[in-house]
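These notes concern the structure reproduced below.
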Amino acid sequence: MKITDLFSVEGYGVVVTGGASGLGLGFAEALAENGASVTLLDIDGAAIDAEVARLTDAGFDVRGTVVDVTDHAGLDAAIDEAVEIHGRLDVAFANAGIDSGPGFVSGWAGATRPRNPEGAIEQYGNERWQRVIDINLTGVFATIRSAARHMRPRGSGRIIVTTSLAALKNEAVIGSAYMAAKAGAAHLMRNAALELAADGITVNAIAPGFFVTNIGGGHATAPAVQQAVAKDIPMHRVGFPDDAKGLALFLASPASAYVTGQQIVIDGGWGLGVAD
Ligand SMILES: NC(=O)c1ccc[n+]([C@@H]2O[C@H](COP(=O)([O-])OP(=O)(O)OC[C@H]3O[C@@H](n4cnc5c(N)ncnc54)[C@H](O)[C@@H]3O)[C@@H](O)[C@H]2O)c1
């Protein structure tokens, strides 16, 4: 056998929450470009329409459904429909996530990072807290649950959660609900992996560092921000969704058959510490 055969996802049925932008779109592309049928599940209908049109024009089997991961009945229905259309569910990416608003310091990088009163714990409102938990943690739970309902009877499947370096290391510029949600999602991933291992289902997480996407209104697209953050990253550059495609394909494919319950950090060394 050629080792590259282990990375084949040809004919797979795939769903990606938050699949119409950023990292989720990159995961969808990685799978679709390698022969999978992919459904983008996203709250942003215009982005779904644009990306489905672009990817189908390029010859890939990609469709989309507008759904909010906090609407659990809607999410179940959208995943059920995707499975019916694709004929199977091999891979589910629980990826949808939002920024949490300001943290208790005001800048990503720099010698001085002034405290930000708006992000202080005393000012952190219930509504902001709950919205982040509902999407970034409970949304992951609902996606894993829905996927497991299809995968357990088949005795196979791959569930891949997008957590964050924030699940392992606190970042003061990001609001505190994000830290709690991502750490919770990581431990939930491990618990699901423990439960589903005997049924041939692997559950793992991709933990990105700083990636240029549309999260938080697209603050990461500003070149000045990228340059400032890149100084703190040992590889001296920020990440782009293309950087995470290989890891997504590995975790989705037979190549990772004996890997479960793992959170793989992809961050150019950012979490290791400061090298310069
Ligand atoms: N960009 C980074 O640096 C970074 C770092 C670590 C982790 N992450 C995580 O990566 C994941 C993807 O984020 P991204 O950076 O690609 O951002 P993004 O904003 O580019 O993409 C997120 C997508 O999720 C969708 N979405 C948001 N709320 C939703 C909901 N309630 N239901 C369904 N879809 C919803 C958005 O419409 C968007 O298309 C998130 O879980 C995020 O926390 C991002």
Side-chain angles (χ1 to χ4, degrees), residues 15-30 39-52 64-72 74-76 78-79 92-101 108 130-143 146 160-171 173-175 177-186 188-189 205-222 225-226 229-230 232-233 237-245 247-248 263-268 270-271:
V15 295
V16 187
T17 70
S21 172
L23 288 156
L25 180 59
F27 302 153
E29 288 172 352
T39 292
L40 314 179
L41 302 171
D42 203 289
I43 201 169
D44 186 341
I48 288 182
D49 289 347
E51 298 305 338
V52 167
T65 302
V66 178
V67 67
D68 184 331
V69 295
T70 67
D71 168 10
H72 297 175
L75 181 66
D76 285 345
I79 291 179
F93 286 92
N95 165 79
I98 57 165
D99 176 53
S100 55
W108 274 100
Q130 200 56 53
R131 183 87 185 130
V132 175
I133 297 297
D134 286 349
I135 296 173
N136 293 10
L137 177 57
T138 313
V140 169
F141 153 71
T143 306
S146 189
I160 302 161
V161 179
T162 308
T163 56
S164 172
L165 187 57
L168 295 156
K169 186 171 181 283
N170 292 75
E171 172 49 63
V173 79
I174 301 176
Y178 194 89
M179 304 294 127
K182 291 298 185 181
L188 172 65
M189 172 278 292
I206 292 174
F210 191 99
F211 277 69
V212 178
T213 70
N214 291 313
I215 200 163
H219 62 260
T221 54
V225 173
Q226 292 172 19
V229 175
D232 283 351
I233 297 175
R237 70 172 183 88
V238 296
F240 290 85
D242 279 357
D243 288 311
K245 286 183 173 179
L247 179 54
Q263 176 169 241
I264 302 179
V265 174
I266 177 161
D267 69 346
W270 201 25

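Nothing fancy with the numbering, it's 1 onward along the sequence. Start at 1 and go down the list; that is how both ligands and their atoms are numbered.
Under the salt bridge (charged side-chain N to carboxylate O under 4.0 Å, His left out) criterion, D76 pairs with R149, not counting sequence neighbours. Residues satisfying the side-chain contact (heavy atoms from CB on, under 4.5 Å) criterion with F211, sequence neighbours excluded, are L23, P208, T213, D243, A244, I266. Remark: Y178 engages no residue in a ring-ring contact (aromatic ring centres under 6.0 Å, His included) (not counting sequence neighbours).
The existence of a salt bridge linking K245 and D242 is confirmed by a sub-4.0 Å separation between a basic side-chain nitrogen and an acidic carboxylate oxygen.
No side-chain donor-acceptor contact under 3.5 Å links N136 to the backbone of A181.
For the side chain to side chain contact (heavy atoms under 4.5 Å, CB included) with L41, the lone residue among N95, I79, I48 that qualifies is I79.
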Nitrogen or oxygen contacts under 3.5 Å, ligand 1 side and protein side:
{"unit_1": "ligand 1", "atom_1": "1 (N)", "unit_2": "F211", "atom_2": "O", "d": "3.2"}
{"unit_1": "ligand 1", "atom_1": "1 (N)", "unit_2": "T213", "atom_2": "OG1", "d": "3.3"}
{"unit_1": "ligand 1", "atom_1": "3 (O)", "unit_2": "G209", "atom_2": "O", "d": "3.3"}
{"unit_1": "ligand 1", "atom_1": "3 (O)", "unit_2": "F211", "atom_2": "N", "d": "2.8"}
{"unit_1": "ligand 1", "atom_1": "3 (O)", "unit_2": "F211", "atom_2": "O", "d": "3.3"}
{"unit_1": "ligand 1", "atom_1": "15 (O)", "unit_2": "T213", "atom_2": "OG1", "d": "2.6"}
{"unit_1": "ligand 1", "atom_1": "16 (O)", "unit_2": "L23", "atom_2": "N", "d": "2.8"}
{"unit_1": "ligand 1", "atom_1": "17 (O)", "unit_2": "T213", "atom_2": "OG1", "d": "3.4"}
{"unit_1": "ligand 1", "atom_1": "19 (O)", "unit_2": "I215", "atom_2": "N", "d": "3.3"}
{"unit_1": "ligand 1", "atom_1": "20 (O)", "unit_2": "S21", "atom_2": "OG", "d": "2.6"}
{"unit_1": "ligand 1", "atom_1": "20 (O)", "unit_2": "N214", "atom_2": "N", "d": "3.0"}
{"unit_1": "ligand 1", "atom_1": "31 (N)", "unit_2": "D68", "atom_2": "OD1", "d": "2.9"}
{"unit_1": "ligand 1", "atom_1": "32 (N)", "unit_2": "V69", "atom_2": "N", "d": "3.0"}
{"unit_1": "ligand 1", "atom_1": "34 (N)", "unit_2": "I43", "atom_2": "N", "d": "3.3"}
{"unit_1": "ligand 1", "atom_1": "37 (O)", "unit_2": "D42", "atom_2": "OD1", "d": "2.6"}
{"unit_1": "ligand 1", "atom_1": "39 (O)", "unit_2": "D42", "atom_2": "OD1", "d": "3.2"}
{"unit_1": "ligand 1", "atom_1": "39 (O)", "unit_2": "D42", "atom_2": "OD2", "d": "2.6"}
{"unit_1": "ligand 1", "atom_1": "41 (O)", "unit_2": "N95", "atom_2": "O", "d": "2.8"}
{"unit_1": "ligand 1", "atom_1": "41 (O)", "unit_2": "K182", "atom_2": "NZ", "d": "2.9"}
{"unit_1": "ligand 1", "atom_1": "43 (O)", "unit_2": "Y178", "atom_2": "OH", "d": "2.6"}
{"unit_1": "ligand 1", "atom_1": "43 (O)", "unit_2": "K182", "atom_2": "NZ", "d": "3.0"}

